[in-house]
Structure formats: C-alpha cells, structure tokens
Novice: 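Can you read through this structure? Questions will come right after.
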Amino acid sequence: MLESLDLSRNQLSGRIPSSFSSLNFLSVLDLSYNNLSGRTPLSAQLQSFNYSQYMGNLGLCGPPVTQKCPGAETTQDPGITSGNKSDCNTEGDNDGLIYLGFYASIVLGFLIGFWGVYGTLLLKSSWRYAYFQVLNDTKDWIYVTTALHTEKLQWRLQR
C-alpha cells in the first residue's frame, strides 16, 4: 500500500530490488543521486516515472534511464559496432551542449530585453519622460477609480 518513497541523496549503492516492481500503489518515487547500478526492474509502474527520479545514478541502465543496458536489442546501422563492454552504454552525454545553449539564450534574451527597454529610457530623455508620465497617469486613474468605487459602496451601504 506504499504510495510515496523518497530515497534520494542517501549514498545507496547496488541494484534496485526487483521487489520494487510489485509496489502497485506507488505514485511518487525518487531514487536520484545515489550510487545505484544495473538494470532498472521491468515494471510498468517503475518505468512510468520520469528520468529525473533516477538521475545521478551513473550505473543505472534501461528504461526510463537514457542509458541502454548491454544485450538490449538495438536498431543500429549494420556498419556501426559498439566496442563498449561496460555495464551500460552512455548515449545522452552530449546534453551539456544543449543545456549550455539553453542558458546562454536565456541570458542573452534577458540582456537584450532589459537593456532594449531600460537602456533606451536611459539614453532618450523624451521617451523617459513619456514613460513616467504614462505610469503617473495610470497611478492617478487607479486611485480615482478606487476612490469612486469605494464612495459608491459606502453610499449603497448607508441607504
């Protein structure tokens, strides 16, 4: 009847017990950042979890982990052979470039957006005055509208 199990960051080592596949009510599982190795147990329940719940275990292989286990059937080009005899083949190691590009685009977008607006306001005084005038007019409009609605409400409550 176990529904949640968080064993992350406990320096556990070895294989994931095959008995985990019989935990049918398990909806939350986190085994990340341990020293687990071997194949993840074949179970629809355990394979339905995201990769993030297994990440940080470099020796794990099999679904949902992106590393393929040795002996797993792969559809490779016949001309390509793997000379890797380790416990698990690593295929997702080039993700660092994707993450670097993602973060670089976030920083670049922020800098262009921020300085595109505020740099222009700093350099062009007529736009700066117009911008702050719009903010001041908006503040005045909100104040007057709120005051009118408050006065109407108090007038209705007094009747």
Side-chain angles (χ1 to χ4, degrees), residues 2-139 141-142:
L2 186 65
E3 295 178 359
S4 176
L5 181 61
D6 185 353
L7 297 173
S8 62
R9 302 177 194 275
N10 281 308
Q11 299 177 354
L12 300 174
S13 61
R15 297 181 177 269
I16 299 174
S18 59
S19 59
F20 276 28
S21 60
S22 64
L23 298 172
N24 297 327
F25 296 101
L26 195 62
S27 61
V28 176
L29 173 69
D30 193 353
L31 299 174
S32 60
Y33 300 104
N34 285 300
N35 296 316
L36 298 173
S37 61
R39 182 185 296 269
T40 56
L42 295 175
S43 160
Q45 181 72 18
L46 292 178
Q47 292 175 356
S48 67
F49 294 113
N50 292 335
Y51 167 74
S52 63
Q53 290 149 336
Y54 294 98
M55 70 189 312
N57 295 298
L58 300 178
L60 275 182
C61 60
V65 180
T66 57
Q67 298 175 355
K68 295 199 186 266
C69 293
E73 294 182 23
T74 60
T75 56
Q76 283 187 347
D77 188 4
I80 300 174
T81 58
S82 174
N84 190 0
K85 301 283 185 190
S86 66
D87 192 27
C88 295
N89 296 332
T90 57
E91 288 189 354
D93 290 345
N94 293 333
D95 288 346
L97 184 62
I98 293 172
Y99 291 130
L100 178 65
F102 176 70
Y103 291 125
S105 65
I106 288 176
V107 169
L108 189 62
F110 173 77
L111 289 175
I112 289 172
F114 182 82
W115 287 111
V117 172
Y118 292 108
T120 305
L121 293 177
L122 268 168
L123 297 175
K124 195 136 174 96
S125 62
S126 63
W127 287 16
R128 184 172 53 242
Y129 293 134
Y131 174 74
F132 285 111
Q133 185 62 43
V134 167
L135 287 180
N136 197 26
D137 291 346
T138 304
K139 177 194 63 119
W141 179 82
I142 290 172

Novice: Out of the candidates Asp30, Ile16, Leu36, only one should pair with Tyr54 under the side-chain contact (heavy atoms from CB on, under 4.5 Å) rule; please name it.
Specialist: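 Testing each of Asp30, Ile16, Leu36 against Tyr54, the sole residue satisfying side-chain contact (heavy atoms from CB on, under 4.5 Å) is Ile16.
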
Novice: Are Leu12 and Leu31 packed together at the side-chain level, in the sense that at least one heavy-atom pair is separated by less than 4.5 angstrom?
Specialist: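 No; the side chains remain at least 4.5 Å from each other.
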
Novice: In Å, rounded to the nearest 0.5 Å, how long is the span from CZ of Phe49 to CG of Leu26?
Specialist: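 So the gap between those two atoms works out to 4.0 Å.
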
Novice: Quick check for you: to the nearest 0.5 Å, what is the distance between Asn35 atom CG and Leu60 atom CG?
Specialist: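 Separation between the atoms: 10.0 Å.
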
Novice: Quick one: do Asp6 and Val28 satisfy side-chain contact (heavy atoms from CB on, under 4.5 Å)? Show the steps, please.
Specialist: CA-CA 8 Å; Asp6 185 353; Val28 176; over 6 Å; no

Novice: Quick one: CH2 on Trp115 to CD1 on Ile112, what's the gap to the nearest 0.5 Å?
Specialist: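 That separation rounds to 13.5 Å.
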
Novice: Should the pair Phe114 and Tyr118 be assigned to parallel (<30°), tilted (30 to 60°) or perpendicular (>60°) ring geometry?
Specialist: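 Because their plane-to-plane angle lies in the 30° to 60° range, the rings of Phe114 and Tyr118 count as tilted.
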
Novice: If you round to the nearest 0.5 Å, how far is OG1 of Thr138 from CZ of Phe132?
Specialist: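 Phe132 CZ to Thr138 OG1: 12.5 Å, rounded to 0.5 Å.
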
Novice: Over all heavy atoms of both residues, which pair between Arg39 and Arg15 is shortest? Give the atoms and the distance, please.
Specialist: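 Heavy-atom minimum between the residues: N-NH1, 3.6 Å.
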
Novice: What is the distance from atom OG of Ser13 to atom CG of Asn34, rounded to the nearest 0.5 Å?
Specialist: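 Atom-to-atom, Ser13:OG and Asn34:CG are 9.0 Å apart.
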
Novice: What heavy-atom pair brings Pro41 and Pro17 nearest, and what distance separates the two atoms?
Specialist: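 Closest approach of Pro41 to Pro17: CG-O, 3.6 Å.
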
Novice: Which residues pass the side-chain contact (heavy atoms from CB on, under 4.5 Å) test with Ser125, not counting sequence neighbours?
Specialist: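 Partners of Ser125 by the side-chain contact (heavy atoms from CB on, under 4.5 Å) criterion, ordered by chain and then number, come out as Arg128, Tyr129.
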
